[in-house]
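Below is one structure; the comments refer to it alone.
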Amino acid sequence: MRYTVFLASKFSHRSFPLLKTHSCGELNKKHVGARVTLAGWVDRRRDHGGLIFIDLRDREGIVQVVFNPEVAKETHETAGELRSEYVVQASGAVALRPPGTENPKLPTGDVEIIADKIKILNTSETPPFYINEEVEVEESLRLKYRYLDLRRKRMKDNLILRHRVVKFIRDFLDDRGFLEVETPILIKSTPEGARDYLVPSRMHPGKFYALPQSPQQLKQLLMAAGIEKYFQIAKCFRDEDTRADRQPEFTQLDLEMSFLEQEDILVLFEELLISLVETVCPQKRLVKPFRRISYAEAMECYGSDKPDLRFGVEIKDLSKILVNSEFTVFRSAIAGGGRVKGIAVPGCATYTRGQLEELNQMARSLGAGGLVTISLGMCDGGIDGLSVEMVKSVASKFLSLEQVKQIARALGARPGDLLLLVAGDGDLASVVLGGLRTEMGRRLKLADPNTIVMGFVIDFPLFWWNKEVGHWESMHHPFTAPRDEDMCILDSAPEKVHGKHYDIICNGFEIGGGSLRIYNAALQKKVFNMLGYKDEEIIERFGHMLDAFNHGTPPHGGIAIGIDRLVMLLAGEESIREVIAFPKNQSAIDVLLDAPSHVNEQQLNELHLSIREE
RNA sequence: GGCCCCGUGGUGUAGCGGUCUAACAUGCCACCCUGUCACGGUGGAGAUCGGGGGUUCAAAUCCCCCCGGGGUCGCCA
């Protein structure tokens, strides 16, 4: 890949450590005749009894080293002892390979090293899994021997890609006047949102630091400090259950600016992400300009606030067609204020009873009362050519042919498609269909893996009503500013207030989000009150923020991008663990270091802690 | 906490009530081999099928519980 070549060429301009003069991967015809010393790992050995070939591997690649007893007898004997993953230093002349023995599969395949010296720097036990082959290995084993796993090309390439991404971001933002500022890891617990990781204080019995869930408050305080343009590649910590795209600790590009409008951030990040992808992953097809859709549109058309925009299969509201349907489930749902919505799944009219029942179960598990399926048989003349015999549905006796045609047209269906209909209140029908859309997209491979579609989701509601606790909660976080035109309804209709909040989505993942912030103390206090905080709580937890707003904090806003997810998508991986050097498993355990672990009694005593029996 | 999937030599798989004394590939060990590159050849070692209980004349195979791993819902301001 291009970034590997880039690194190798850069590496070659630097002076090498004393144990090697060149890297294995950089050698080519230009080096023929040179005497080189290499150091690396034995990737593979081919012992012909007489000649011994060793594929020597280092970070930059692989080169063939030849041991000939007629060249150096003792060296050849030593080479006979080599095994996989031995660490060796070898010296010899770079030579063109004999005609006909070149290996076009290897970048260094035109040349080989005629070794006259070899030194075994370290031996190795037989590795527990293959390092030189791309075979799927159980992940827990890979994590236990992560240092071996990272020797594999796939993982090495992922780490290199990650380096390139972060390097590009730093250079890009530096060019535009942003200052990278570090913020502390030991901060104050403000237990809203996710659970905090806590660190007990030795010097203050009974008190705890918290690890930052993000540098949110600190970066706003940096704006109060007049930094104006800040960014940081920041570690964040959240004590919640893991997922393929979530780890207890993860990395964000955290950024904040003063004196800006929402448009400034969106334009900056569109430019950053486009130039990033085009530079670092030129082989990917990136759709531009980025789409912008409202939260309401995302939910209505895709049933998700992070839809995969690489394929269509959009959700349509069919309520108008079915308002007077003979099908009671639909008619009563609509009469009760609900909606009936649907999607058309291409080419799935041939689904069996069993497959349809599976979809039905999925719809129920997503919260639907049920799922109505309509299979459109193949026929000439498009939807108009459909006849009664060609339509198969559990609800067929309640649906006229004309209604089916209307539904099919509304969904943009074609003969051979499978229509999925769901009734429900509010967003329910959309959310269920959104889940089915995602599943069918995956099954039918509707999304091109080499395409990247990014977009901004905007116009989020500021609040959502939490029934269980009986007060409003922030959609994003409590520092997000309401839209100016909605200020007048903040008291009268909080549910209609929109925030100056934006998310960045990519291929079905939320990779970032941010907002313009509140910088007026009175408004911030009012929002906290609406979120159910009492005045004394506000002072105790967020007094420093209100103080700052009372001392000339400028208008400001920012964004955070999940580096792990971004790199995962660029690498074509399905889990962020594949782009993190030392990730934790699903139970939040580091199986390599065996963390978390017990600590001794003395450590507990110093921290004024005792373990409660449960 | 709920639901789904997985657990067979070092690794990856097959076997899914008796023919399993558990198969295949690769790796490993020994010997042979001077142009291979997933080298080749000959021979060899290596798993009581995650653990426990049950059903059965008979269990890797069926059932239950537990453990470990993965996915997902809840959760992730």
Side-chain angles (χ1 to χ4, degrees), chain A residues 43-56 62-71 76 80 83-85 95 97-106 108-109 112 114 125-145 148 190-196 212-214 216-217 236-248 250 358 361-362 364-367 431 435 438-439 442 462-464 466 468 472-480 499 501 510 513 515 527-528 531-533 541-542 560 562 574-575 577 585-587 589 591:
Chain A
D43 196 63
R44 218 178 270 280
R45 83 191 151 100
R46 290 177 293 281
D47 186 343
H48 286 227
L51 283 179
I52 297 174
F53 299 95
I54 296 290
D55 288 339
L56 191 65
I62 288 175
V63 71
Q64 174 166 282
V65 183
V66 188
F67 296 89
N68 188 332
E70 288 165 15
V71 171
H76 175 265
R83 295 293 181 272
S84 287
E85 300 308 309
R97 292 193 183 195
T101 66
E102 301 87 353
N103 185 353
K105 284 186 262 180
L106 221 54
T108 62
E112 61 190 8
I114 311 299
E125 293 180 16
T126 302
F129 52 82
Y130 301 103
I131 288 161
N132 48 22
E133 285 179 37
E134 295 295 322
V135 177
E136 283 299 316
V137 182
E138 195 185 326
E139 197 178 359
S140 52
L141 190 69
R142 293 173 53 202
L143 292 180
K144 184 178 174 189
Y145 295 96
L148 298 181
T190 58
E192 297 310 312
R195 282 184 209 93
D196 282 327
Q213 295 179 22
S214 79
Q216 181 61 36
Q217 295 184 41
C236 304
F237 306 86
R238 293 178 192 175
D239 187 2
E240 297 293 346
D241 288 1
T242 63
R243 289 284 187 282
D245 63 347
R246 274 162 39 187
Q247 282 269 299
F250 57 100
E358 195 186 343
Q361 287 303 326
M362 190 179 303
R364 286 170 184 273
S365 70
L366 290 165
V431 170
T438 301
E439 171 64 17
R442 193 183 60 74
L462 190 60
F463 302 114
W464 61 278
N466 188 331
E468 284 160 30
W472 296 100
E473 293 210 5
S474 294
M475 197 83 174
H476 183 45
H477 59 52
F479 308 109
T480 300
H501 168 198
E510 177 197 327
S515 62
V527 169
F528 278 133
L531 297 173
Y533 290 98
R541 288 184 184 171
F542 303 108
E574 293 188 347
S575 162
R577 294 189 297 273
N585 71 7
Q586 192 168 58
S587 308
I589 292 169
V591 293

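Just so you know, these numbers use all the heavy atoms, side chains as well, and skip hydrogens, waters and symmetry mates. Naming: A, B, ... by sequence-line order, numbering from 1 per chain.
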Suppose you measure atom [atom1] in [N] against the same atom in [M]; what distance do you get, rounded to whole Å?
N	M	atom1	answer
B:A58	B:G12	P	34 Å
B:A38	B:G17	C1'	39 Å
B:G40	B:G69	P	38 Å
B:C39	B:G44	P	23 Å
B:U56	B:C64	C1'	16 Å
B:G41	B:U26	P	9 Å
B:U11	B:G50	P	13 Å
B:G71	B:C63	C1'	25 Å

Using only heavy-atom distances, decide whether a donor-acceptor pair under 3.5 angstrom links the side-chain of [X] to the base of [N].
X	N	result
A:R246	B:C76	yes
A:S214	B:A77	yes
A:D241	B:G74	yes

Taking the six-membered ring for Trp, are A:Y533 and A:F528 parallel (under 30°), tilted (30 to 60°) or perpendicular (over 60°)? perpendicular
Contact under 4.0 Å: A:Q213 side-chain N or O vs B:A77 OP1/OP2: no
Between A:R142 and B:G70, does any side-chain N or O lie under 4.0 Å from OP1 or OP2? no
Given that A:L51 and A:E138 both sit by RNA chain B, which one's nearest nucleotide is further toward the 5' end? A:E138
The residue, A:S84 or A:F129, whose nearest nucleotide of RNA chain B is more 5′ is A:F129
Would A:V527 and A:F463 count as a side chain to side chain contact (heavy atoms under 4.5 Å, CB included) here? Give the steps. CA-CA 10 Å; A:V527 169; A:F463 302 114; 4.2 Å; yes
Base contacts versus sugar-phosphate-only contacts with protein, heavy atoms under 4.0 Å: please encode nucleotides 36-42 of chain B as B, S and - from 5' to 3'. BBSB---
[X], nearest nucleotide to its side chain (from [options]):
X	options	result
A:I589	B:G27, B:A77, B:G69	B:G69
A:R243	B:G74, B:C76, B:G71	B:G74
A:N68	B:G69, B:G71, B:U34	B:U34

Tell me whether A:R46 is salt-bridged to A:D55, with the criterion being a basic N under 4.0 Å from an acidic carboxylate O. yes
